[in-house]
Amino acid sequence: MEKRALKPEFRRTVLVVDDEAINREMLGALVEDTYDVIYAANGREALEIIEDHRETLSLVLLDLMMPEMNGYEVLDRMHSDPALRRIPVIVLTSEKQAEIKSLQLGASDFIPKPYDNPDVMLARINRSIELAEDASIIQNTSVEDLTGLYKKSFFFEYCRQFDLHNPGAAMDAITININRFRLVNEITGRAAADAVLAEIGRAILEELKGSAGLACHPVSDVFFIYREHLDDMHGLLERITEHVRRVSQSSWVHLRMGVYSNVDRDMVIDSRFDRASLACDAAKHRYGDPVVFYDDRMHEDQMLAGRLVEDFEEAVRQGQFIVYYQPKYNIQRSEPALSSAEALVRWKHPELGMVSPGVFIPLFEENGLIMKLDRFVWESAVSQMASWKREHGYSIPVSINISRIDLYDPDLEAELTGLVEKYGIDTADLYLEITESAYTDDSRQLVESVTRLRSCGFKIEMDDFGSGYSSLNMLTRLPIDVLKLDMKFVNNLSDDPKGIKMIELIMDIAKYLGLIAVAEGVETAEQVAILKKAGVDIVQGYYFSKPIPGGEFEELLTSRAAGAGGRS
Ligand code: C2E
Ligand code: CA
Ligand code: CA
């Protein structure tokens with residue numbers, strides 16, 4: 001086997017401790033080609049040198065029988081000081097008894113006296129240094145300074161080793177996240193956020209004392225715990241939260257937890273934590289309970305999600321995505337009149353049948369595929385508008401949905417104006433629906449992007465208004481033409497008298513800002529009547545029509561041209 005040489009980046013220092021000058025000279029001569037050498041003639045002198053060179057000393061060659069302070073005492077002192085414990089000690093001795101005792105005291109090796117083969121001695125010295133350095137590298141690289149927890153790759157490896165040594169134990173995989181960490185990080189500053197991460201690490205280690213388990217800080221605000229099964233997860237999360245809030249005086253800290261309980265031992269470690277993290281993501285959307293347990297439903301959803309992502313490219317190539325149109329009606333006339341439409345994508349999957357956009361849109365928003373899908377939908381819609389215009393001599397305005405991520409695309413403006421030119425439709429006939437929650441993201445950049453689009457002539461529609469956090473103050477600054485009320489306002493109309501009041505309030509705002517108001521999710525004549533009375537201009541919903549294929553929609557255009565009103 002090839003002998004591994006010491007890494008040559010620097011010259012190491014070795015301390016030779018012996019009360020006999022002849023021995024010191026002999027040992028010095030042996031190592032001085034490879035190492036810098038310091039000498040001590042007794043234990044007391046040796047300890048002083050060791051203290052002074054604690055950072056740089058690579059090895060101590062230690063005689064046992066010496067005046068003033070003997071070698072055992074030096075070993076004992078070194079062993080009880082964590083800063084000195086890392087320095088390997090080779091004991092020089094002629095007695096078998098002494099070998100055992102010094103190994104017990106922490107010596108890493110011994111060299112028998114009288115000294116014989118110098119090559120063997122040098123090899124033992126080199127090897128002791130190598131081993132000590134490897135051990136310290138592992139310690140330094142496996143644990144993160146900030147939190148005191150393992151780094152990810154080491155953590156997964158230690159979990160595997162834990163499993164090997166504890167074959168029967170029931171184990172839990174736990175993921176902990178900080179709610180809205182990115183935002184908090186920005187507001188409180190990096191240092192305060194780091195202090196919180198450090199305290200979470202400390203609290204987790206505290207919790208693990210006395211139970212079998214280990215923990216890791218893989219990235220940003222994510223923490224992993226692998227521990228013996230525990231019933232009271234809420235208690236665990238509460239204690240950690242309480243500690244962090246108290247010690248770092250950060251009352252804003254809200255933690256959430258995903259638990260994959262009683263893990264399947266046949267599953268690779270990473271996947272166990274994928275499950276815990278999936279549950280933790282679900283906790284983000286479940287207000288009220290910060291602890292979510294992984295279950296098989298989540299697994300099925302995840303499998304479906306994986307499949308849909310995998311099938312995406314093929315579906316685009318094969319034309320499985322189809323654009324439907326849902327009509328919108330102006331209700332402020334004597335008879336409701338078709339005014340415009342919203343383009344909504346559908347996926348006709350060859351094996352799964354019709355897949356709802358409620359399932360695949362959020363998924364594609366997460367991984368960016370939405371950008372490609374949106375562009376397909378936009379082009380279909382615009383080309384459809386052009387064809388209606390050709391057939392009927394006029395086209396009606398169509399809204400397309402713009403995803404939040406599209407707004408960060410520097411080419412967006414050019415792409416949309418390009419489409420309009422290519423198909424020869426009026427820019428003002430293309431409405432861009434942007435969901436309210438997008439505006440809370442990074443309002444400045446987003447407002448700029450939307451402002452540019454609006455100055456190109458596109459109409460801007462704020463979708464799902466009232467579902468998020470947009471303040472009135474913000475509303476006055478935003479470049480919008482249409483306020484599209486979130487469906488929940490319409491849902492609340494019938495059973496809640498406050499619901500009507502709410503709509504009236506929003507209408508006051510819309511009028512004040514000069515915005516057109518659209519209500520969607522309208523399913524009954526009663527709702528239409530209330531909305532009409534409140535002054536809502538335009539209504540979209542199953543009461544008039546579900547989203548329908550372009551061909552069917554064309555019939556509505558034909559009857560409009562023939563002068564018929566809305567619902568028949
Ligand atoms: P959205 O933009 O808020 O679209 C309105 C949703 O409400 C549509 O669901 C529509 O079919 C549904 N709806 C319409 N009238 C009624 C009603 O009377 N009652 C009820 N209960 N629902 C009604 P859909 O088509 O399933 O789309 C869901 C969401 O998926 C959309 O919400 C939108 O956020 C997204 N989406 C759909 N197509 C696209 C697209 O092409 N691009 C992007 N980025 N997102 C899309
Ligand atoms: Ca929409
Ligand atoms: Ca909406």
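For ligands, and for the atoms within them, numbers begin at 1 and follow the listed sequence.
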If you have a sec, work out which protein heavy atom is nearest atom 27 (O) of ligand 1 and how many Å separate them, to one decimal?
-> P357 CG, 3.6 Å

Donor-acceptor contact below 3.5 Å, side chain K532 vs main chain R333 = yes

Side-chain atoms of residues 394-403: list all donor-acceptor pairs with protein atoms under 3.5 Å, sequence neighbours left out, distances to 0.1 Å.
unit_1, atom_1, unit_2, atom_2, d
Y394, OH, L557, O, 3.1
S399, OG, K328, NZ, 2.9
S399, OG, E461, OE1, 3.1
N401, ND2, E342, OE2, 3.0
N401, ND2, A343, O, 3.4
S403, OG, D374, OD2, 2.7

Look at D409 together with R375 and state whether they make a salt bridge at an N to O cut-off of under 4.0 Å.
-> yes

Report the nearest protein non-hydrogen atom to atom 45 (N) of ligand 1: residue, atom name, distance rounded to 0.1 Å.
-> I361 CD1, 3.5 Å

Identity and distance of the protein heavy atom lying nearest atom 37 (C) of ligand 1 = L344 CD2, 3.6 Å

For the pair D221 (side chain) and I178 (backbone), establish whether a donor and an acceptor sit closer than 3.5 Å, ignoring hydrogens and angles.
-> yes

Would you check if there is a donor-acceptor pair between the side chains of Q318 and E314 at a distance under 3.5 Å?
-> yes

Hey, which of D406, I434, L407 is the one that makes side chain to side chain contact (heavy atoms under 4.5 Å, CB included) with S449?
-> L407

Say whether, by atom type as modelled, one donor and one acceptor occur between the side chain of E379 and the main chain of L419 under 3.5 angstrom.
-> no

Decide whether D172 and S261 meet the rule of one side-chain donor and one side-chain acceptor closer than 3.5 Å.
-> yes

For Q326, counting its heavy atoms only, list the atoms of ligand 1 lying under 4.0 Å from any of them.
-> 10 (C), 14 (C), 15 (N)

D463 N/O under 3.5 Å from ligand 1 N/O | yes

Would you say ligand 1 has an N or O under 3.5 Å from any N or O of M487?
-> no

Determine whether the side chain, the backbone, both or neither of V323 has a heavy atom under 4.0 Å from any heavy atom of ligand 1.
-> neither

Name of the residue among I176, N177, V196 meeting side chain to side chain contact (heavy atoms under 4.5 Å, CB included) with L255 | I176

Examine E342 against ligand 1 and note whether any of their N/O atoms are separated by less than 3.5 Å.
-> yes

Taking the six-membered ring for Trp, are the ring centroids of Y294 and Y260 within less than 6.0 Å of each other?
-> yes

Backbone N/O of A341 and side chain of Q540: donor-acceptor pair under 3.5 Å | no

Just by modelled atom types, is the L369 backbone N or O under 3.5 Å from a matching donor or acceptor in the N367 side chain?
-> yes

Say whether S356, considering both its backbone and side-chain N or O atoms, lies within less than 3.5 Å of an N or O atom on ligand 1.
-> no

Distance only, no hydrogens: is a donor on one side chain within 3.5 Å (strictly under) of an acceptor on the other, for H349 and Q320?
-> no

Given a cut-off of 3.0 Å, the protein N, O or S atoms lying below it from the Ca ion (ligand 3) are D463 OD1, D464 OD1, E520 OE2

Please find the N/O/S atom of E342 nearest to the Ca ion (ligand 2) and write down its name.
-> OE2

Nearest protein heavy atom under 4.0 Å from atom 29 (C) of ligand 1, yes or no | no

With heavy atoms of P547 as the reference, note each atom of ligand 1 found under 4.0 Å away.
-> 11 (O)

Heavy atom of the protein closest to atom 34 (O) of ligand 1 (residue, atom name, distance) | N401 OD1, 4.9 Å

Nitrogen or oxygen of Y542 less than 3.5 angstrom from that of ligand 1 = yes

Sub-6.0 Å ring centroid separation between F156 and Y226 = no

May I ask you to identify the nearest protein heavy atom to atom 38 (N) of ligand 1, giving residue, atom name and distance to one decimal place in Å?
-> V345 N, 3.2 Å

Under 4.0 Å between a Lys/Arg side-chain N and an Asp/Glu carboxylate O for E365 and R404?
-> no

Considering only protein heavy atoms, which is closest to atom 42 (N) of ligand 1, and at what distance to one decimal place?
-> D374 OD1, 2.8 Å

Is at least one protein non-hydrogen atom found at under 4.0 angstrom from atom 9 (O) of ligand 1?
-> no

Please determine if the Ca ion (ligand 2) has an N/O/S atom from S399 lying under 3.0 Å away.
-> no

Provide the number and element of each atom of ligand 1 under 4.0 Å from a heavy atom of V377.
-> 41 (O)

What atoms of ligand 1 come within less than 4.0 Å of a heavy atom belonging to D464?
-> 3 (O)

Please identify which atoms of ligand 1 are closer than 4.0 Å to at least one heavy atom of V522.
-> 18 (O)

Determine whether more than 12 heavy atoms belonging to other residues, nucleotides or ligands lie under 6.0 Å from atom NZ of K533.
-> no

Which atoms from ligand 1 have a heavy atom of S403 less than 4.0 Å away?
-> 44 (N)

K422 side chain to V382 main-chain N or O, any donor-acceptor pair under 3.5 Å?
-> no

Would you mind running through ligand 1 and noting each atom that sits below 4.0 Å from a heavy atom of E523?
-> 17 (C), 18 (O), 19 (N), 20 (C), 21 (N)

Protein contact of atom 5 (C) of ligand 1 - nearest heavy atom, named by residue and atom, plus distance = E520 OE1, 3.3 Å

What do you reckon, does R346 put a non-hydrogen atom under 4.0 Å from ligand 1?
-> yes

Would you call the rings of W388 and Y325 parallel, tilted or perpendicular if under 30° counts as parallel and over 60° as perpendicular?
-> perpendicular

Parallel, tilted or perpendicular: which describes the rings of F544 and Y329, with under 30° parallel and over 60° perpendicular?
-> parallel

Under 4.0 Å from one or more heavy atoms of G521, ligand 1 contributes atoms 16 (C), 17 (C), 18 (O), 19 (N)

